[in-house]
Amino acid sequence: MGLNSARYVLREVGSSLRRNIWLSIASVLTIMIAMVILGASLFFFLNAANLAENFESELEINVFTQEDLSNMEVSALGERLKGLDGVQSIELITKEQALAKFAQEYSESLVEDLGGENPFPDSYKVFVTEPELVEGVAKKIDSLTGVDNVVYGKEVIGPLLQFTNWLRWVGMGVVAIFAVASIVLISLNIRMTVYSRRKEIEIMKLVGASNSFIRWPFLLEGMVVGLVGGLFATLIVGMGYDWFAQYIQSTLTFVPVVSESNLIWKVLALLVLIGMGIGALGSIISLRRFLKV
Amino acid sequence: MGLNSARYVLREVGSSLRRNIWLSIASVLTIMIAMVILGASLFFFLNAANLAENFESELEINVFTQEDLSNMEVSALGERLKGLDGVQSIELITKEQALAKFAQEYSESLVEDLGGENPFPDSYKVFVTEPELVEGVAKKIDSLTGVDNVVYGKEVIGPLLQFTNWLRWVGMGVVAIFAVASIVLISLNIRMTVYSRRKEIEIMKLVGASNSFIRWPFLLEGMVVGLVGGLFATLIVGMGYDWFAQYIQSTLTFVPVVSESNLIWKVLALLVLIGMGIGALGSIISLRRFLKV
Amino acid sequence: MIQMTNVAKIYPNGARALVDISLKINKGEFVFLVGPSGAGKSTLIRLLYREEMASRGQVIVNGWNILRMREREVPHFRRNIGVIFQDFKLLANKTAFENVAFALEAIGVSPKEVRLRTKKMLKLVGLGHKENAFPDELSGGEQQRVSVARAIINNPSLLVADEPTGNLDADTAWEIMELLYNINRRGTTIVMATHARDIVEQMQKRVIVIEDGRVVRDENMGAIEYGT
Amino acid sequence: MIQMTNVAKIYPNGARALVDISLKINKGEFVFLVGPSGAGKSTLIRLLYREEMASRGQVIVNGWNILRMREREVPHFRRNIGVIFQDFKLLANKTAFENVAFALEAIGVSPKEVRLRTKKMLKLVGLGHKENAFPDELSGGEQQRVSVARAIINNPSLLVADEPTGNLDADTAWEIMELLYNINRRGTTIVMATHARDIVEQMQKRVIVIEDGRVVRDENMGAIEYGT
Ligand SMILES: Nc1ncnc2c1ncn2[C@@H]1O[C@H](COP(=O)(O)OP(=O)(O)OP(=O)(O)O)[C@@H](O)[C@H]1O
Ligand SMILES: Nc1ncnc2c1ncn2[C@@H]1O[C@H](COP(=O)(O)OP(=O)(O)OP(=O)(O)O)[C@@H](O)[C@H]1O
Ligand SMILES: [Mg+2]
Ligand SMILES: [Mg+2]
């Protein structure tokens with residue numbers, strides 16, 4: 001494309017957007033809404049995955065020590081536990097802590113009934129790196145000296161893993177469905193825009209314009225419209241999510257929310273890019289049908 | 001409208017849908033996608049609300065009886081508990097059951113250490129009708145004779161209610177946002193369809209057709225397109241949700257899913273009605289601008 | 001039938017299409033509107049069926065004061081006016097038959113009668129064999145004849161024709177003129193803008209010459225003569 | 001320049017627009033195409049710039065075999081052909097100026113030259129004052145002249161004109177004919193379909209008469225005469 005044509009294209013894009021202002025606005029709005037929906041689903045996925053990981057990281061193995069261990073022996077056992085393959089971290093719960101927790105959970109008076117006696121041993125909470133390892137690690141721990149009993153949510157692990165995997169899949173499913181929906185919606189819209197200008201395209205061809213000469217303004221128009229729509233969507237999704245994340249963190253403190261601004265920015269940038277991409281690609285593809293004159 | 005005009009309108013709707021087949025398909029698809037999104041959000045809301053209720057219904061008050069009560073006295077207490085305002089149901093947990101549960105949660109060996117002694121009293125789990133009532137009912141129970149101790153998740157109720165309310169609000173928010181998005185998307189699409197036929201409308205008016213004569217075919221066309229789009233959406237959402245609900249019920253048995261077919265049918269019918277409604281209304285409103293010739 | 005008093009028309013973009021037009025056309029007259037390209041003929045015609053509104057002055061057609069008409073009276077008013085548009089204005093999504101039939105359907109004529117009258121009319125303009133063709137499957141002259149057929153099918157009391165023979169060969173043009181002549185004889189007032197010198201000369205009807213938005217000549221039986 | 005051999009054209013809907021056309025037009029000729037409405041004039045013209053393809057026979061224009069041309073060669077081929085369409089085919093979203101300028105921009109002429117040449121051309125067709133008007137703000141005749149201006153602005157070696165004076169008054173029509181005459185004298189081949197009897201008679205050029213898709217007469221210097 002020569003310099004003269006390039007100048008024509010730029011002028012043409014501007015005047016076409018202005019003169020078909022109504023169509024331009026409709027396209028921007030459509031892309032905006034589609035991208036908002038897609039963006040919302042992306043954040044849903046991120047949080048679902050995050051939540052899943054969070055749940056998994058809370059799988060714990062309770063290791064009860066033999067009652068007659070000295071403090072030294074207990075901490076030695078702790079060291080050995082830390083050294084095991086697959087162990088992420090451990091946490092000591094002394095017999096006093098155990099009793100206090102029991103009193104809180106059940107009733108003070110029950111503890112009083114015990115008459116100052118503490119039936120609880122010292123215990124360790126062991127966290128593993130991967131939820132799949134819980135079982136193996138628990139077996140290994142069971143064979144260590146000084147260990148009286150090992151308890152872990154045997155019947156919980158299966159369902160939990162199922163649930164967390166499910167959460168991830170649902171997140172991905174939602175993104176996939178909404179991505180398809182967004183793309184189809186935008187494509188339909190662009191196709192209608194191009195369709196409503198098919199006469200114009202035909203005339204241009206009859207007057208001797210080459211395909212690329214006709215295509216460029218459409219391509220750029222699609223990009224501009226997609227860019228503007230994507231930017232609006234980014235603004236909406238960005239501000240909406242920010243508000244949402246802060247609201248949750250301040251009210252539902254126990255629910256983990258993805259709030260790494262780095263990741264968020266990446267998602268938002270992706271939205272703008274997708275908007276522009278579909279805008280441009282959609283224009284080109286829709287145009288093809290009408291260029292055969 | 002006379003009979004002759006009615007016949008014209010029916011014929012006109014058919015041929016217009018056929019001759020603008022491309023636009024018809026685009027509209028049907030757009031409405032379908034918008035309705036699928038809306039439908040998905042409605043089911044999301046239903047399940048969020050259901051989940052919230054479920055959580056709340058699990059709020060319980062643990063009532064520990066005094067240790068020296070006879071079985072008769074215990075069941076008399078149970079009767080009195082049942083009679084209290086705001087109590088939905090109660091569940092007796094005998095001291096034996098309490099010990100067994102403890103053994104399972106903590107460790108068998110710990111129970112053995114107790115030397116055959118059972119430190120647990122009989123207790124009742126009391127469920128209330130409204131989560132807000134827990135505190136008041138607990139206080140009332142505390143003053144009953146035979147009650148040693150009343151325990152309820154004092155610090156859990158606040159966050160839980162916050163969370164469940166939040167869940168409901170999010171559900172509604174999602175529905176609201178997606179409803180607006182769907183309506184805007186459909187409106188834009190219909191407006192573009194009408195816009196692309198504005199010349200046609202102008203000519204009809206210039207030839208002497210009245211507004212209503214022009215409007216009727218558009219209205220019906222909008223309804224047909226909306227109906228078809230809505231039906232497809234219903235099919236997709238209905239089958240999708242059915243699969244989803246069954247999948248969850250068979251794999252994540254602990255997650256409650258809304259599956260009353262009555263309710264589901266209502267939601268699906270709503271989708272079809274909304275599709276038709278927006279289709280017809282959108283057509284009429286979009287037409288207004290172009291009828292002023 | 002038609003009375004225009006000091007009518008001016010300035011388009012939104014500032015173009016002064018009509019400057020000062022006053023004229024009176026009686027019921028049953030056959031009037032040619034002639035003048036150079038861009039003189040304002042089509043604009044004047046558009047005022048008659050209220051596609052455009054005069055910027056100044058008064059327009060009375062068929063007893064209706066066009067400037068005072070209410071929006072919903074317009075369709076009723078237009079039903080007594082047949083219009084042949086310079087650019088045909090055919091419905092692209094309807095066949096020749098349906099385009100002509102539309103004018104009847106819009107006023108609630110029964111399907112059977114629509115069929116009969118439309119077929120007859122299409123034959124009359126020589127398009128009996130093209131009734132199922134869509135406008136873009138017709139030649140320019142054929143489209144023009146469909147437009148003529150649609151304008152006259154419901155026996156309007158006023159027929160405004162904007163260059164109804166511009167795309168027709170001489171023979172076909174004369175056939176159309178004969179049609180109009182007969183309609184006029186049966187009482188329809190006709191206002192026809194045209195560039196066809198021979199038609200105007202031969203018909204010997206009233207000729208109004210418009211130039212730059214003004215009436216410069218108005219003769220009872222005249223020929224085209226204007227410019228330098 | 002143009003060679004048609006046993007050309008037939010049947011439209012997708014079954015209409016037989018051209019039955020058997022063979023003709024040869026030399027470089028620099030000025031040829032009138034006449035015939036009744038629906039005879040096939042526009043169809044023949046559409047074959048010349050490849051808007052439609054012949055169903056049978058061979059069409060050679062400017063040395064290009066139209067039926068064998070590759071898709072992407074078409075724009076290049078069309079650049080040497082100016083077309084005045086019967087229905088004008090102006091771009092509704094562009095002003096008169098931009099419509100004419102488009103033909104130059106499409107071949108990469110510099111903005112400055114586009115400006116100069118377009119302005120000059122619009123003046124030549126008498127529309128210097130209407131350059132910023134959009135097509136629907138122009139009278140029928142004015143639109144036709146924009147179409148004429150666009151067709152001839154890049155000095156095509158072949159000009160095909162489909163009733164280029166149908167919407168023009170006699171004086172303006174003659175101005176346009178003078179324009180075409182001058183272009184023809186400078187070497188452009190012209191094929192013009194028309195119904196204007198007086199123009200054909202006065203120009204004394206080659207006349208090809210088409211009726212029902214066949215050439216029924218072909219005279220070097222003739223007048224319109226066909227039918228019964
Ligand atoms: N919609 C419009 N907006 C702005 N200006 C217009 C519009 N329609 C016509 N004009 C201008 O008004 C003037 C008169 O136009 P009109 O169409 O009445 O001419 P006309 O006599 O019918 O010409 P022709 O014989 O070429 O059809 C012209 O200069 C034209 O450019
Ligand atoms: N796109 C099309 N599809 C089907 N039939 C067509 C098409 N275009 C033209 N025809 C038919 O082909 C025949 C010739 O049409 P054409 O336009 O070539 O006539 P013409 O000589 O230009 O007539 P006019 O003087 O009225 O413009 C006509 O009968 C017409 O109905
Ligand atoms: Mg005019
Ligand atoms: Mg033709």
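Residue numbers begin at 1 in each chain, while the letters A, B, ... track the order of the sequences. Computed from heavy atoms alone, side chains included, the values below leave out hydrogens, waters and symmetry copies.
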So CG of Asn167(C) and CD of Gln86(D): to nearest 0.5 Å the spacing works out to 5.0 Å
When rounded to the nearest 0.5 angstrom, what is the spacing between CG in Asp87(D) and CG in Asp87(C)? 10.5 Å
Above 12 or not: heavy atoms from other molecules or residues under 6.0 Å from [atom1] of [X]?
X	atom1	result
Arg214(D)	CZ	no
Tyr181(D)	OH	no
Asp212(D)	CG	no

Which portion of Glu142(C) sits near chain D, non-hydrogen atoms under 4.5 angstrom: both
Taking all atoms of both residues into account, what is the closest heavy-atom pair of Ser37(D) and Arg145(C), and its distance? OG-NH2, 2.7 Å
Mind listing the closest non-hydrogen atom pair of Asp171(C) and Arg197(D) along with its distance? OD1-NH2, 4.2 Å
Identify which part of [X] has an atom lying under 4.5 Å from any heavy atom of chain C, answering side chain, backbone, both or neither.
X	value
Asn13(D)	side chain
Ser42(D)	neither
Lys41(D)	neither

For chain D, the option from Glu163(C), Gln144(C), His129(C) that forms the most heavy-atom pairs under 4.5 Å: Glu163(C)
Looking only at Thr165(C), Thr172(C), Leu168(C), the option with the highest number of non-hydrogen pairs under 4.5 Å against chain D is Leu168(C)
For the pair Asp169(C) (side chain) and Gly35(D) (backbone), establish whether a donor and an acceptor sit closer than 3.5 Å, ignoring hydrogens and angles. no
Test item: His195(D) side-chain N/O and Gly166(C) main-chain N/O as donor-acceptor pair under 3.5 Å: no
